[in-house]
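For reference, the structure discussed in these notes is given below.
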Amino acid sequence: EAQVTQNPRYLITVTGKKLTVTCSQNMNHEYMSWYRQDPGLGLRQIYYSMNVEVTDKGDVPEGYKVSRKEKRNFPLILESPSPNQTSLYFCASSQTSGRGEQYFGPGTRLTVT
Amino acid sequence: AQSVTQPDIHITVSEGASLELRCNYSYGATPYLFWYVQSPGQGLQLLLKYFSGDTLVQGIKGFEAEFKRSQSSFNLRKPSVHWSDAAEYFCAVASTGNQFYFGTGTSLTVIP
């Protein structure tokens with residue numbers, strides 16, 4: 001089944017404790033992206049990647065890191081999480097670019113205390 | 001800078017009634033426009049997209065949208081709403097640089 005998977009689905013952590021949210025797609029897509037969703041703000045793009053070793057900042061990249069060492073994986077790293085990073089995070093992938101249909105993962109709900 | 005505005009935070013319609021969700025965008029070049037739907041507790045699913053050509057585009061689940069360049073709008077419509085259409089709807093625009101911008105969403109409630 002074609003899908004985007006994220007792990008973990010739920011995470012509660014404390015301020016400053018490094019964490020990684022994994023994202024994997026099995027559709028051989030070139031483009032992958034991370035978004036955060038907050039009430040009243042919709043979804044905002046954090047980082048995106050056009051291909052292996054190619055990443056770019058989205059609208060709200062501060063406090064986040066990403067890497068794209070393999071085509072299928074695009075982990076989101078929070079080196080020192082803060083409470084304002086409490087949010088619902090979505091990973092997405094698209095066959096060629098951000099202009100194509102994006103397939104979204106189920107989301108990761110992160111709480112930073 | 002690119003932006004997307006969805007002026008209606010929440011809309012309530014009766015089942016069987018028609019629906020129009022508004023979307024206005026700000027983008028210098030020809031926009032790539034999308035409507036996504038998010039059901040409660042779910043990820044997002046593409047309803048339809050506009051790149052070029054016919055300004056009236058058809059999507060899944062009986063939805064359609066019309067691109068009006070003069071009004072910078074891309075409104076979503078459905079002639080007869082079903083209870084299962086209750087969800088959050090997001091309009092979005094993709095830039096030439098492959099960045100993606102979502103609106104703040106419109107929550108749809110359907111009354112039986």
Side-chain angles (χ1 to χ4, degrees), chain A residues 1-7 9-10 21 23-25 27 29-51 54-61 68 74 87-109, chain B residues 1-10 21-27 29-53 57-60 63 65 74 87-107:
Chain A
E1 179 191 355
Q3 60 182 350
V4 178
T5 57
Q6 297 178 226
N7 283 291
R9 293 288 312 279
Y10 302 90
V21 183
C23 173
S24 183
Q25 50 94 3
M27 296 168 279
H29 283 173
E30 304 276 335
Y31 182 94
M32 296 185 75
S33 183
W34 276 104
Y35 300 88
R36 60 177 290 172
Q37 182 177 18
D38 301 290
L41 297 178
L43 285 88
R44 293 176 291 167
Q45 192 173 40
I46 303 170
Y47 270 96
Y48 62 97
S49 168
M50 291 297 297
N51 212 327
V54 181
T55 63
D56 272 300
K57 296 178 181 179
D59 228 15
V60 288
R68 188 94 181 271
F74 191 44
S87 187
L88 179 58
Y89 291 87
F90 287 100
C91 180
S93 72
S94 174
Q95 187 167 15
T96 53
S97 75
R99 295 176 166 189
E101 176 178 0
Q102 292 190 57
Y103 294 83
F104 283 79
T108 295
R109 186 165 293 282
Chain B
Q2 296 87 351
S3 67
V4 178
T5 302
Q6 294 180 247
D8 303 308
I9 296 172
H10 186 241
L21 302 182
R22 296 183 292 164
C23 172
N24 292 96
Y25 67 90
S26 172
Y27 187 65
T30 300
Y32 284 61
L33 295 162
F34 305 79
W35 275 99
Y36 280 85
V37 60
Q38 183 181 33
S39 298
Q42 303 295 314
L44 280 78
Q45 180 184 22
L46 179 69
L47 283 176
L48 47 80
K49 61 190 178 196
Y50 171 79
F51 291 168
S52 64
V57 293
Q58 302 297 321
I60 63 171
F63 285 93
F74 189 56
E88 183 125 26
Y89 292 80
F90 293 95
C91 183
V93 63
S95 75
T96 52
N98 290 299
Q99 281 190 262
F100 211 76
Y101 300 90
F102 282 92
T104 51
T106 297
S107 177

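Chain A is the first sequence line, chain B the second, and so forth, proteins listed ahead of strands; every chain is numbered from 1. The structure displayed is predicted, hence computed values, not measured ones.
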Can you give each donor-acceptor pair under 3.5 Å made by side-chain atoms of residues 42-50 of chain B, sequence neighbours left out, with the distance rounded to 0.1 Å?
residue	atom	partner	partner atom	Å
Q45(B)	OE1	K61(B)	NZ	3.4

When the side chains of residues 42-50 of chain A are checked against the rest of the protein, which donor-acceptor pairs come out under 3.5 Å, sequence neighbours left out?
residue	atom	partner	partner atom	Å
R44(A)	NH2	D38(A)	OD2	2.8
Q45(A)	OE1	F100(B)	N	2.8
Q45(A)	NE2	Y31(A)	OH	3.0
Q45(A)	NE2	S33(A)	OG	2.9
Y48(A)	OH	G97(B)	O	2.8
S49(A)	OG	N51(A)	N	3.4
S49(A)	OG	N51(A)	O	2.9
S49(A)	OG	V54(A)	O	2.7
S49(A)	OG	R68(A)	NH1	2.7

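Proximity to chain B (any heavy atom under 4.5 Å) is restricted, for Q37(A), to the side chain, taken from C-beta onward. Residue F102(B) touches chain A through both its backbone and its side chain, counting heavy-atom pairs closer than 4.5 Å. When heavy atoms are compared at a cutoff of 4.5 Å, Q6(B) does not approach chain A at all.
Counted within 6.0 Å of CD on Q95(A), heavy atoms from surrounding residues, nucleotides or ligands total 12 or fewer; the atom is thus considered open.
The OH atom of Y36(B) sits 5.0 Å away from atom CD of Q102(A), with the distance rounded to the nearest 0.5 Å.
Of all the listed residues (V4(B), N98(B), T104(B), I9(B)), the one sharing the greatest number of non-hydrogen pairs under 4.5 Å with chain A is N98(B).
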